[in-house]
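Any value given below was found using the heavy atoms of this structure, including those in side chains, with hydrogens, waters and symmetry copies removed.
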Amino acid sequence: MPQYDGIIIGGGPNGLTLACYLAKAGLKVVILEKRYEMGGGLCSEMVTIPGFIHNTHAIYHPMVDYAPVFPDLELDKTYDLKYIHPDLVMAMPFEGGRSLCIYSDVEKTCASLPNSQRRCGCLSGYL
């Protein structure tokens with residue numbers, strides 16, 4: 001029977017990150033995941049129409065620059081992983097063809113909001 005220094009339950013981003021840090025420290029770990037693939041909320045799936053792939057938790061990707069994992073594990077050097085930072089960070093569609101668009105430029109985000117929402121001043125402290 002295999003022997004491990006640690007058993008990690010869940011192969012989502014947090015479990016995978018923990019496993020990487022422990023392995024980097026020289027520990028032998030195993031990850032147990034109930035789904036058929038690792039990645040948890042970062043997995044891509046068909047959830048609406050056949051053939052259209054969604055990353056339902058992609059909202060976390062824009063924050064990768066704030067996490068120490070990327071440089072700590074040297075993902076860019078080891079795997080040539082590079083993040084692309086588009087002008088349009090995310091969009092949330094609503095019924096009737098409306099949507100909320102968040103841009104990397106706060107001014108552009110505010111300009112895209114309907115007038116009633118712009119007047120609320122909810123982003124005024126960030127401008």
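Closest heavy-atom contact between Gly26 and Asp5: O-OD2, 4.5 Å. Contact record, Lys28 with Gln3: CD-O, 3.4 Å, taken as the closest heavy-atom pair.
By the ring-ring contact (aromatic ring centres under 6.0 Å, His included) test, Phe94 is found to be paired with no residue, residues two or more places apart in sequence or in another chain being considered.
Counting only distance, with no hydrogens or angles, the side chain of Glu45 and the backbone of Val47 share no donor-acceptor pair below 3.5 Å. The backbone N or O of Tyr103 lies less than 3.5 Å from a partner atom in the side chain of Thr109, making a donor-acceptor pair. Side-chain atoms of Asn55 do not come within 3.5 Å of backbone N or O of Ser44 as any donor-acceptor pair. Under the 3.5 Å distance criterion, the side-chain polar atoms of Lys34 are left unmatched by any main-chain donor or acceptor of Ile9.
Pairs engaging residues 80-97 under the salt bridge (Lys or Arg N to Asp or Glu O under 4.0 Å) rule: Asp80-Lys82, Asp87-Lys108 [sequence neighbours left out].
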Would Leu81 and Phe70 count as a side-chain contact (heavy atoms from CB on, under 4.5 Å) here? Give the steps. CA-CA 9 Å; Leu81 180 62; Phe70 209 84; 3.5 Å; yes
Check the pair Leu16 / Ile31 against side-chain contact (heavy atoms from CB on, under 4.5 Å), numbers first and verdict last. CA-CA 8 Å; Leu16 292 170; Ile31 303 170; 3.6 Å; yes
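Side-chain contact between Val30 and Ile8: absent, with no pair of heavy atoms (C-beta onward) separated by less than 4.5 Å.
Atoms OG and CD, on Ser112 and Glu107 in that order, are 11.5 Å from each other to the nearest 0.5 Å. In this structure, Lys24 NZ and Asp72 CG are separated by 5.5 Å, a value rounded to the nearest 0.5 Å.
For the residue pair Thr48 and His54, a side-chain donor N or O sits within less than 3.5 Å of a side-chain acceptor on the partner.
Under a hydrophobic-cluster definition in which Ile, Leu, Val, Met, Phe, Trp and Tyr are linked whenever side-chain heavy atoms come within less than 4.5 Å, directly or via other members, Leu75 and Tyr21 are assigned to the same cluster.
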